[in-house]
Amino acid sequence: MSTVVVMGDDRGLVGRLEASAALTVVRHVPDAAELLAVIGSGLATVAVFAGDAASIDAALVESLHRAGGRGVALVAGEADRLRLERWGLSVLPWDAEPAAIEAAVAALWAGEWGRLGVQPPAPNAAPGAPGLPIAPQRGRITTVWGTGGAPGRSTVALNLAVEEALRGQRTVLVDADTHGASLATALGLLDESAGIVRLCRQVDQGGFDPGADGESFARVRAGGAGLRFTSGLPRPERWAEVSGPSLGRALAALASVCDQVIVDVAAPVTRDDELLLDSFAPQRNDATLTAIGAADRLLAVGQADPVSLPRLVRLCEEAATLPAGPPPVVVLNRVRSSVSGTHPERGIRRAWERFGPKAFSPSHFLPSEPAAADAALLRGRALAEAAPRSPLRRAIAALAG
């Protein structure tokens, strides 16, 4: 006998299921939070979704699977059926009889996904428009990470995205810095839309349309290039609206339609899981950890001075302990002889050889050009437009490709 929890407004369904000899309804819940609590507590093993299919998104299905449950959805539309099956639910007509639900539940637990026409749940599956298959990932995800203290992560991310677009690459720039988003301001845009939240919601609900312009995936012009842009959080206290799993699916969806996905993230990667009893609670730095784990290339940005360089060394040492992510490419920003000696690059390399991790070494040196950087920031433009001949612009362009 399987225990089930029902979510939805179809009270007649509860009565039909209670008459079944193979199913026991332990709770009829009004929302997803209570449903996950019932599954997580072990009171039920199967969730039966009835009613509005729009209330079921990828994040809810993933949380259900993480809690050890399985799901059956009763829907009326073909588009909803395709969308929910792709996420790992067994889908039946809205008026299915208890015997059909019993058979679906039994098949799910027996692992008979093929007989149901259902795909096994994939934690990082990226849902797209309802009824449309997701193309294999073909774009490269570059995550721009770095130390605290404003080392220039956003400057590198913005100008790298512009340089990629100037190379003819279909490029999207994503502001996933949940501690202090700044890319919208650097582009001279209003910073009120929280495009990253909208994008995660659209992808989770199966409504992401790569051909449509909107606040979550907008076209912008920068430095003479056209690229897409997803803005960050206008207020950092909204960080919980960008969950790690949702961001992972969003980045995968973007990489399926773009050649280059450039992601700007915050510095901290510490987790507080051990302090929480609720294993499903969002973590403050999930966005950074997810973007690092999803990256094909990870840029670790730090300033080239005696205070900031040790921070970058510790950051790279920390990168080696992360559960996922590629080895960092070390980028030194604001390189200048006034704080690093007559031959700053040579001095930095020697210091790194002595104190830094041997697995990584600085490979890119960005010159200090405050006049060019300030001009770009004042005008809300990229370096390619505000200071096209600057050595800083050329050094960042060398990161492209």
Side-chain angles (χ1 to χ4, degrees), residues 2-8 23-27 29 31-75 80-92 101-128 130 133-134 200-206 208 240 242-253 271 273 276-283 286 289-290 293-294 323-324:
S2 296
T3 55
V4 303
V5 54
V6 176
M7 188 182 94
L23 301 175
T24 299
V25 179
V26 298
R27 195 74 57 85
V29 299
D31 54 39
E34 190 170 344
L35 179 141
L36 293 175
V38 173
I39 294 289
S41 68
L43 291 176
T45 56
V46 175
V48 177
F49 299 96
D52 184 13
S55 64
I56 309 171
D57 60 21
L60 172 56
V61 176
E62 181 180 60
S63 295
L64 172 66
H65 292 150
R66 286 175 57 201
R70 295 292 185 267
V72 176
L74 309 181
V75 301
D80 287 330
R81 182 186 69 79
L82 292 171
R83 174 173 62 94
L84 298 179
E85 282 186 350
R86 188 167 63 246
W87 295 343
L89 293 181
S90 175
V91 183
L92 299 173
I101 299 174
E102 292 172 15
V105 169
L108 282 175
W109 280 111
E112 299 177 17
W113 303 94
R115 186 170 70 81
L116 290 167
V118 178
Q119 296 297 318
N124 295 317
I134 289 294
C200 289
R201 288 177 180 170
Q202 286 177 353
V203 171
D204 276 350
Q205 294 169 0
F208 173 64
V242 184
S243 72
S246 294
L247 179 61
R249 285 186 289 269
L251 294 180
R271 293 183 61 87
D273 288 306
L276 297 169
L277 296 177
D278 184 0
S279 61
F280 298 106
Q283 294 292 298
D286 273 353
L289 287 165
T290 298

Side chains of [X] and [Y], heavy atoms from C-beta outward: is any pair under 4.5 Å?
X	Y	value
Leu89	Ile56	yes
Val5	Leu43	no
Asp286	Leu247	no
Leu84	Phe49	no
Thr290	Val242	no

Out of curiosity, [X] [atom1] to [Y] [atom2], how far, rounded to the nearest 0.5 Å?
X	Y	atom1	atom2	result
Met7	Leu64	CE	CG	10.0 Å
Asp57	Arg83	CG	CZ	8.0 Å
Arg70	Ile39	CZ	CD1	10.5 Å

Applying side-chain contact (heavy atoms from CB on, under 4.5 Å) to Ser246 and not counting sequence neighbours gives Ala59, Cys200, Asp204, Ser243, Arg249
Residues pairing under salt bridge (Lys or Arg N to Asp or Glu O under 4.0 Å) where one sits in residues 34-44, two or more places apart or in two chains, turn out to be Arg27-Glu34
Gln205 and Trp87 have their tightest heavy-atom pair at C-CH2, 3.8 Å
- Task: In plain terms, say whether Arg81 and Glu85 are close enough for a salt bridge, that is, a side-chain N and a carboxylate O under 4.0 Å apart.
- Result: yes
Pair Leu36, Leu60 - check side chain to side chain contact (heavy atoms under 4.5 Å, CB included), show working.
CA-CA 8 Å; Leu36 293 175; Leu60 172 56; 4.2 Å; yes
Q.
Whether the side chain of Thr3 engages the backbone of Thr45 through a donor-acceptor N/O pair (distance < 3.5 Å, no angle test) should be reported.
A. yes
